[in-house]
Asks: 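One structure follows; several queries about it will come next.
For clarity, every value in this text was computed on a predicted model and none was experimentally measured. Residue numbers count from 1 along this sequence. We count ligands from 1, going down the list as the structure has it; atoms in each ligand are counted the same way.
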Amino acid sequence: MTETECIFCKIVSGEIPSAKIYEDEDVVAFLDINPTTKGHTLVVPKKHVATFLEADDEVVEKLIKASKKVGKALVKAMNADGLNVGINNGKAAGQIIFHLHLHLIPRYADDGLKCWPQGKYEEGEIEKIKDKILKAMQGEK
Ligand code: AMP
Ligand code: ZN
């Protein structure tokens, strides 16, 4: 998808309307039109980048800082009991819109949502996976 076709770029530029609740030089936040819970918000860097893993550290830093600010106000405004903070990264992880965005999902004691199913490791598997990741980490800054 090019930036000119990107729906979140269009929201950032104002070409498409949104229920915007925060804006600074680098980031905007607006309500998700199909909310998981009431107040579900998307925090979006103004500069187009497809995924979290491709984003510059500077962009990530600005996104996270703005998300904390917006998240605090959101919990207060919605009288929420908790907040899920998440980024879908890639199609297999449920990403539909390929312009980086962070979901802020207010949680309520009685909302009935169950987020992550939990599994088990086979004997010795956790060590092997740990070693694989540690090896990959050596190539990262
Ligand atoms: P993701 O699956 O992480 O890519 O999430 C995309 C999110 O964008 C979904 O939760 C949609 O409901 C939301 N969404 C799509 N179009 C709009 C829009 N025009 N305004 C606000 N939220 C939107
Ligand atoms: Zn975009």
Side-chain angles (χ1 to χ4, degrees), residues 1-122 124-141:
M1 185 194 291
T2 68
E3 289 173 46
T4 46
E5 292 164 343
C6 171
I7 185 166
F8 284 178
C9 281
K10 287 181 179 170
I11 287 177
V12 167
S13 72
E15 193 183 326
I16 290 178
S18 68
K20 202 190 284 176
I21 57 169
Y22 175 81
E23 179 163 17
D24 65 28
E25 214 179 303
D26 309 287
V27 175
V28 292
F30 50 89
L31 296 181
D32 192 303
I33 39 162
N34 292 124
T36 299
T37 62
K38 298 290 159 77
H40 183 167
T41 293
L42 302 174
V43 192
V44 177
K46 287 184 173 176
K47 191 175 155 193
H48 181 94
V49 61
T51 68
F52 176 64
L53 297 183
E54 290 163 279
D56 291 342
D57 288 354
E58 201 187 31
V59 170
V60 170
E61 195 178 317
K62 285 169 176 165
L63 183 71
I64 297 291
K65 279 187 176 166
S67 298
K68 185 179 171 192
K69 198 184 279 190
V70 176
K72 278 171 132 178
L74 195 52
V75 166
K76 196 169 156 189
M78 300 305 293
N79 204 17
D81 302 305
L83 183 74
N84 284 127
V85 178
I87 297 172
N88 296 329
N89 196 72
K91 198 173 165 207
Q95 185 173 11
I96 293 167
I97 298 192
F98 281 78
H99 179 136
L100 171 60
H101 53 282
L102 182 148
H103 293 260
L104 294 174
I105 303 175
R107 296 299 305 272
Y108 306 96
D110 59 354
D111 64 26
L113 287 176
K114 296 242 184 301
C115 279
W116 305 103
Q118 289 184 289
K120 285 195 185 340
Y121 285 116
E122 301 296 329
E125 195 183 7
I126 197 165
E127 289 299 323
K128 283 188 193 147
I129 290 177
K130 186 195 79 175
D131 289 346
K132 241 201 265 193
I133 298 167
L134 285 176
K135 209 169 160 194
M137 285 299 301
Q138 286 169 10
E140 295 299 320
K141 279 183 274 166

Asks: Within the 4.0 Å heavy-atom shell around Ile96, which atoms of ligand 1 are there?
Replies: 1 (P), 2 (O), 4 (O)
Asks: If you have a sec, work out which protein heavy atom is nearest atom 15 (C) of ligand 1 and how many Å separate them, to one decimal?
Replies: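 Checked against all protein heavy atoms, atom 15 (C) of ligand 1 sits closest to Ile97 CD1, 3.5 Å.
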Asks: Quick one: pull up CG in Asp131 and CD1 in Ile126 and give me the separation to the nearest 0.5 Å.
Replies: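 Atom-to-atom, Asp131:CG and Ile126:CD1 are 11.0 Å apart.
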Asks: So which of the N, O or S atoms of His48 lies nearest the Zn ion (ligand 2)?
Replies: ND1
Asks: Distance from Leu134 atom CG to Glu127 atom CD, nearest 0.5 Å?
Replies: 9.5 Å
Asks: Search all heavy atoms of Gly71 against all heavy atoms of Leu83 and return the closest pair with its distance.
Replies: CA-CD2, 3.9 Å
Asks: What atoms of ligand 1 come closer than 4.0 angstrom to any heavy atom of Gly94?
Replies: 1 (P), 2 (O)
Asks: Has ligand 1 got any nitrogen or oxygen that is less than 3.5 angstrom from a nitrogen or oxygen of His101?
Replies: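 So ligand 1 has an N or O lying under 3.5 Å from an N or O of His101.
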Asks: Would you indicate whether Glu23, at its atom CD, is surrounded by more than 12 heavy atoms from other residues, nucleotides or ligands within a distance under 6.0 Å?
Replies: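 Counting other residues, nucleotides and ligands, CD of Glu23 exceeds 12 neighbours.
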Asks: Which ligand 1 atoms does Asn34 reach within 4.0 Å, using its non-hydrogen atoms?
Replies: 12 (O)
Asks: Against heavy atoms of Gln95, which atoms of ligand 1 measure under 4.0 Å?
Replies: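 Near Gln95, the atoms of ligand 1 are 2 (O), 4 (O).
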Asks: Using a 4.0 Å cut-off to any heavy atom of Leu31, which atoms of ligand 1 qualify?
Replies: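 Reading through ligand 1 atom by atom, the close ones are 21 (C).
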Asks: Students should be able to answer this: which protein heavy-atom is nearest to atom 14 (N) of ligand 1, and at what distance?
Replies: Ile33 CG1, 3.9 Å
Asks: Using a 3.5 Å distance criterion without hydrogens, assess whether the side chain of Ser67 forms a donor-acceptor pair with backbone atoms of Lys65.
Replies: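 Checking the backbone N and O of Lys65 against the side chain of Ser67, no donor-acceptor pair under 3.5 Å is found.
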Asks: Hey, what's the angle at the Zn ion (ligand 2) spanning ND1 (His99) and SG (Cys9), nearest 10 degrees?
Replies: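 Vertex at the Zn ion (ligand 2): approximately 110°.
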Asks: What atoms of ligand 1 come closer than 4.0 angstrom to any heavy atom of Ile11?
Replies: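 Checking each atom against Ile11, I get 18 (C), 19 (N), 20 (N).
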Asks: Give the numbers and elements of all ligand 1 atoms closer than 4.0 Å to a heavy atom of Phe30.
Replies: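 What qualifies from ligand 1 is 21 (C).
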Asks: Does only the side chain of Asn88 get under 4.0 Å from ligand 1, or the backbone, or both, or neither? Count heavy atoms.
Replies: side chain
Asks: Rounded to the nearest 0.5 Å, how far apart are NZ of Lys10 and CD1 of Ile7?
Replies: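 One gets 8.0 Å once the value is rounded to the nearest 0.5 Å.
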Asks: Quick one: CG on Asn84 to NE2 on His103, what's the gap to the nearest 0.5 Å?
Replies: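 Rounded to the nearest 0.5 Å, the CG-NE2 separation comes out at 11.0 Å.
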Asks: Do the two ring centres, one from His99 and one from His101, sit under 6.0 Å apart?
Replies: no
Asks: Would you mind running through ligand 1 and noting each atom that sits below 4.0 Å from a heavy atom of His103?
Replies: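 Listed by number with element, the hits are 1 (P), 3 (O), 5 (O), 10 (O).
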Asks: Return the option from Asp32, Ile87, Val44, Leu42 holding the heavy atom at the smallest distance from atom 11 (C) of ligand 1.
Replies: Asp32
Asks: At what distance, to the nearest 0.5 angstrom, does CG of Leu102 lie from CD1 of Ile87?
Replies: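 One finds 4.5 Å between CG of Leu102 and CD1 of Ile87.
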Asks: Specify side chain, backbone, both or neither for Phe8, according to which of its non-hydrogen atoms lie closer than 4.0 Å to ligand 1.
Replies: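 Side chain only.
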Asks: Taking atom NZ as the centre, does Lys46 end up with more than 12 heavy-atom neighbours from other residues, nucleotides or ligands that are less than 6.0 angstrom away?
Replies: yes
